[in-house]
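Only one structure is covered here, and it is reproduced in the block below.
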Amino acid sequence: MEQANIIERISQIGAVVNLFKSQFPDSSVNLSPWVKDENTAKFDDPDSIDFAFHFPRRSFVCQSQTILMQIRLPGTTIANPQRVIGVELSGHDYMGQQWRFATAGRWEFWGTVLPLPDAEQKLRQICLQILQVFNLVIKSGATENPQAITPRKTKAG
């Protein structure tokens, strides 16, 4: 919530929540997801907008009960309020982190238990729309058509 300091940013945060809830309507959002302790302090980035989307129970399609989202911002957010560096997601349940995803590189999911392909596609679409909301549509490489990219990496056990 520290990033909600200008009206444009507040509007963008609202758009992100609506994008996620349009694909996963049973989720609820926490706009201040980091517990203030030494274990989570390392994740609290002053140059990001952070969300936690919680499902009422573990989501089979998302293979998680909570999806943490960080929208990475350049260091000077007031000077350029629309730009973002990228979006990172991670899925968590009672056993810890299950998977990760980032819009940097090839838009791949990796981890021990990955979302089902339909959920992966929805999450990619949400990230693409977030980049559009923040006026960062990348015109080169793998980010041009993230829907066409479906590689899945799992960590051997």
Side-chain angles (χ1 to χ4, degrees), residues 1 3-4 9-35 37 39-45 47-73 82 84-157:
M1 283 306 298
Q3 292 296 336
R9 182 67 77 216
I10 294 167
S11 177
Q12 292 167 331
I13 290 169
V16 169
V17 171
N18 288 334
L19 286 170
F20 195 91
K21 288 190 67 66
S22 72
Q23 294 297 322
F24 302 101
D26 61 336
S27 65
S28 62
V29 65
N30 179 348
L31 299 176
S32 297
W34 305 117
V35 177
D37 67 19
N39 293 327
T40 59
K42 61 185 173 189
F43 298 110
D44 191 6
D45 181 356
D47 295 325
S48 70
I49 302 172
D50 303 334
F51 303 85
F53 294 95
H54 305 284
F55 297 102
R57 62 194 119 354
R58 189 177 190 282
S59 167
F60 174 72
V61 296
C62 290
Q63 296 295 333
S64 57
Q65 186 163 3
T66 298
I67 295 177
L68 297 177
M69 174 187 290
Q70 285 190 300
I71 300 173
R72 300 284 181 185
L73 305 168
Q82 293 181 312
V84 295
I85 296 169
V87 181
E88 295 178 10
L89 304 175
S90 59
H92 301 262
D93 65 12
Y94 65 95
M95 294 183 0
Q97 182 176 294
Q98 298 301 305
W99 54 266
R100 289 186 59 94
F101 172 82
T103 59
R106 296 187 40 91
W107 292 53
E108 293 180 331
F109 286 85
W110 67 96
T112 55
V113 182
L114 303 179
L116 297 182
D118 182 53
E120 284 186 1
Q121 211 46 38
K122 286 179 179 182
L123 292 166
R124 280 190 187 96
Q125 185 62 36
I126 290 167
C127 289
L128 178 62
Q129 290 173 318
I130 288 170
L131 295 177
Q132 291 170 339
V133 163
F134 285 85
N135 293 332
L136 178 68
V137 180
I138 300 169
K139 300 291 185 187
S140 64
T143 56
E144 189 171 321
N145 185 9
Q147 291 83 2
I149 301 169
T150 58
R152 298 166 55 93
K153 289 185 179 178
T154 58
K155 181 173 34 171

Worked check of side chain to side chain contact (heavy atoms under 4.5 Å, CB included) between L19 and Q23: CA-CA 7 Å; L19 286 170; Q23 294 297 322; over 6 Å; no
For F20, ring pair (Phe, Tyr, Trp, His ring centres under 6.0 Å) partners two or more places apart: F24, F53
Non-hydrogen atoms of Q97 and S90 that approach each other most closely: OE1-CB, 3.9 Å
Minimum heavy-atom distance T103-G86, with the two atoms named: OG1-CA, 3.4 Å
From CD1 (I126) to CG (N18), nearest 0.5 Å: 11.5 Å
Distance (rounded to the nearest 0.5 Å) between M95 CE and Q65 CD: 13.0 Å
Side chain to side chain contact (heavy atoms under 4.5 Å, CB included) between L73 and R9, worked out: CA-CA 11 Å; L73 305 168; R9 182 67 77 216; 4.0 Å; yes
In chain order, what residues pass the side-chain hydrogen bond (donor to acceptor under 3.5 Å, both in side chains) check against [X], with sequence neighbours excluded?
X	answer
S27	none
Q98	D93, T112
S59	none

Short side-chain donor-acceptor distance under 3.5 Å, T66 and H54: yes
Donor-acceptor contact below 3.5 Å, side chain W99 vs main chain C62: yes
From CA spacing to verdict: side chain to side chain contact (heavy atoms under 4.5 Å, CB included), L131, V84: CA-CA 7 Å; L131 295 177; V84 295; 3.6 Å; yes
Flag side-chain contact, heavy atom, 4.5 Å: [X] against [Y]:
X	Y	answer
I71	I130	yes
V87	M69	yes
F51	L31	yes
S11	I13	no

Side chain to side chain contact (heavy atoms under 4.5 Å, CB included) evaluation trace for F101 with R124: CA-CA 9 Å; F101 172 82; R124 280 190 187 96; 3.9 Å; yes
Sequence-distant partners of D26, salt bridge (Lys or Arg N to Asp or Glu O under 4.0 Å), two or more places apart: none
side-chain contact (heavy atoms from CB on, under 4.5 Å) against E88, all qualifying residues, sequence neighbours excluded: Q70, R72, R100, A102
